Protein chains: 2
Amino acid sequence: MSDVTEESSSKTTRELILDEALHCFADRGYEGTSLNDIAAGVGIRRPSLLHHFASKEALYTDVFEMLLSEWLEGLEVAMSSPASGWDKAELVIRAGFDLFARTPDYVRIMRREALDSGVHVGVDLSGFLRPLFDSACAYFTSEMDAGHFRRHNAQHLIITGYGAILTYFSDAPFIDELLNDQALTPENVRDHCDHVVAFFRAALVA
Amino acid sequence: MSDVTEESSSKTTRELILDEALHCFADRGYEGTSLNDIAAGVGIRRPSLLHHFASKEALYTDVFEMLLSEWLEGLEVAMSSPASGWDKAELVIRAGFDLFARTPDYVRIMRREALDSGVHVGVDLSGFLRPLFDSACAYFTSEMDAGHFRRHNAQHLIITGYGAILTYFSDAPFIDELLNDQALTPENVRDHCDHVVAFFRAALVA
DNA sequence: CGCCCTACCTACCAGTAGGTAGCCAGTTAG
DNA sequence: CTAACTGGCTACCTACTGGTAGGTAGGGCG
């Protein structure tokens with residue numbers, strides 16, 4: 001039975017392991033997480049965990065593929081919207097914030113993977129993301145050509161936006177300490193999203 | 001003592017260890033780096049390394065303190081410049097790019113530390129950086145009050161800038177793959193710096 | 001010369017990592 | 001009732017970790 005609801009009691013052990021692994025890998029990284037940690041979090045022993053996943057690397061890859069599929073789905077939906085001009089850019093930014101706020105652990109894993117140049121994951125990370133990157137570049141370029149946006153180099157623009165947005169989630173623990181506040185409360189995420197939207201609008205829309 | 005003899009340059013073994021440790025920690029993180037890796041990179045055995053540093057943690061802390069002192073010095077010089085208005089903001093951004101381009105390994109270590117909430121380093125990271133953060137906030141707030149910059153929340157603005165700038169260096173390996181190019185060549189760094197300066201100028205200067 | 005000191009070494013320690021073998025309770029199928 | 005399967009367990013393996021013990025080559029110096 002595959003129930004789509006969030007009832008934790010009905011989750012299979014496999015799903016519980018994936019959840020715990022996601023959290024541990026996001027929190028302490030691949031090397032910093034032991035299978036004992038994950039197993040203890042689930043409430044079983046390490047060999048039982050290895051009954052569900054062939055190896056640590058296989059578990060990590062499964063976690064990462066959950067991440068990728070969720071991101072691709074969420075971002076492609078937003079990017080394929082029929083909106084245009086600034087409306088579409090704002091829609092994608094807000095969709096990104098929603099997505100990342102919902103799954104901040106994914107952001108931290110992605111950031112760790114970017115730092116490690118994707119050594120731990122079998123899939124070709126940049127190959128997966130390049131279509132989104134290219135399509136975003138194409139969109140901004142065409143809008144700039146049409147005179148709707150100020151002229152910027154599209155690739156640099158996307159990279160700047162990628163860094164500006166993801167950092168708020170990946171470095172949330174650090175930002176917490178810097179601000180003496182919780183970065184990831186719904187209100188603070190909304191405030192920061194509004195700021196980023198206004199900031200990019202000011203930079204792009206003449 | 002000028003112990004210039006032996007194989008490499010005039011650097012002491014201690015300095016060679018610090019250099020290699022910086023590179024390893026930046027590349028693979030604290031947990032992902034073993035003392036054997038570092039020792040092998042220097043060309044000695046692990047116990048010899050531990051003759052120069054009391055423990056792995058002490059070595060890491062020393063590396064991190066090199067980083068902090070270099071950053072504090074570089075950024076404080078730029079931020080204490082007598083310039084004002086946009087000139088000063090651009091000066092600080094360009095100083096940051098120079099600093100980070102000179103020491104990209106530091107950026108990656110800092111990012112890892114932000115992800116890990118500073119567990120590996122004894123010093124109070126956010127306590128160290130908060131003075132710079134506060135002074136940057138104060139500067140932007142006063143300039144916005146004076147009507148020189150568009151109105152933005154200063155804290156969010158700094159965080160956005162922090163993310164936008166640091167990410168280019170911390171995620172350079174990933175960006176390399178995405179662009180099929182070397183992000184950290186002098187020309188590409190300069191191009192990206194010019195873009196960030198123009199982007200922030202467009203967002204801030206009415 | 002003897003003596004100390006630095007910088008390195010080999011050999012080893014206890015602890016932990018990921019992973020395997022095999023046993024066992026509960027459930028289900030025939 | 002028995003057989004097979006499922007999902008957990010204990011016990012164990014090898015490899016490697018950070019760190020220690022003890023020894024040694026060589027330079028400076030009274």
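To find a chain, count down the sequence lines: A is the first, B the second, and so on, and within it residues start at 1. Computed from a predicted structure; not experimentally measured.
Per the geometry, CZ belonging to B:Arg45 stands 18 Å off C1' belonging to D:dT20, to the nearest Å. Computed from coordinates, the A:Ile17 CD1 to D:dT6 C1' distance equals 14 Å when rounded to whole Å. If you take CZ of B:Phe53 and P of D:dG19, they are 13 Å apart, rounded to a whole angstrom. Between the CG atom of B:Asn36 and the P atom of D:dA15 there is a distance of 15 Å, rounded to whole Å. Between the P atom of D:dT14 and the CZ atom of A:Arg46 lies a distance of 15 Å, rounded to the nearest Å. For the pair B:Leu49 CG and D:dG19 P, the interatomic distance rounds to 10 Å; values are reported in whole Å. With rounding to whole Å, A:Leu59 atom CG is found 10 Å from C:dG19 atom P. Rounded to whole Å, the distance from NZ on A:Lys56 to P on D:dA15 is 18 Å.
Judged purely by distance below 3.5 Å, without hydrogens or angles, the side chains of B:Asp181 and B:Asn188 pair a donor atom with an acceptor atom. A donor and an acceptor atom, one from each side chain of A:Asp171 and B:Tyr162, are located under 3.5 Å apart.
Closest approach to the A:His52 side chain among D:dG7, D:dT17, C:dC8 is made by D:dG7 (side chain taken as heavy atoms from C-beta onward). Minimum atom distance to the side chain of B:Pro47 is reached by C:dA11, of the listed D:dC9, C:dA11, C:dA17.
The ring of B:Tyr106 has its center no closer than 6.0 angstrom to the ring center of B:Phe100.
Residue contacts shown for B:Leu50 include a base, since a base heavy atom lies under 4.0 Å away. Contacts of B:Thr33 with the nucleic acid, taken as non-hydrogen atoms under 4.0 Å apart, involve only primed sugar atoms and P, OP1 or OP2. At a threshold of 4.0 angstrom between heavy atoms, the contacts of A:Ser48 include nucleobase atoms, whether or not backbone atoms are also involved.
Taking side-chain N and O atoms only, A:Thr13 has no distance below 4.0 Å to OP1 or OP2 of D:dG7. One finds no side-chain N or O of A:His51 lying less than 4.0 angstrom from the OP1 or OP2 phosphate oxygen of D:dG8. Contact annotation: B:Ser34 side-chain N/O to D:dT17 OP1/OP2 distance is under 4.0 Å.
Using cut-offs of 30° and 60° on the angle between ring planes, the pair B:Phe97 and B:His192 is tilted.
Look at B:Arg94 and B:Asp194 and you find a salt bridge, because one of the NZ, NE, NH1 or NH2 atoms lies within 4.0 Å of a carboxylate O, short of that distance.
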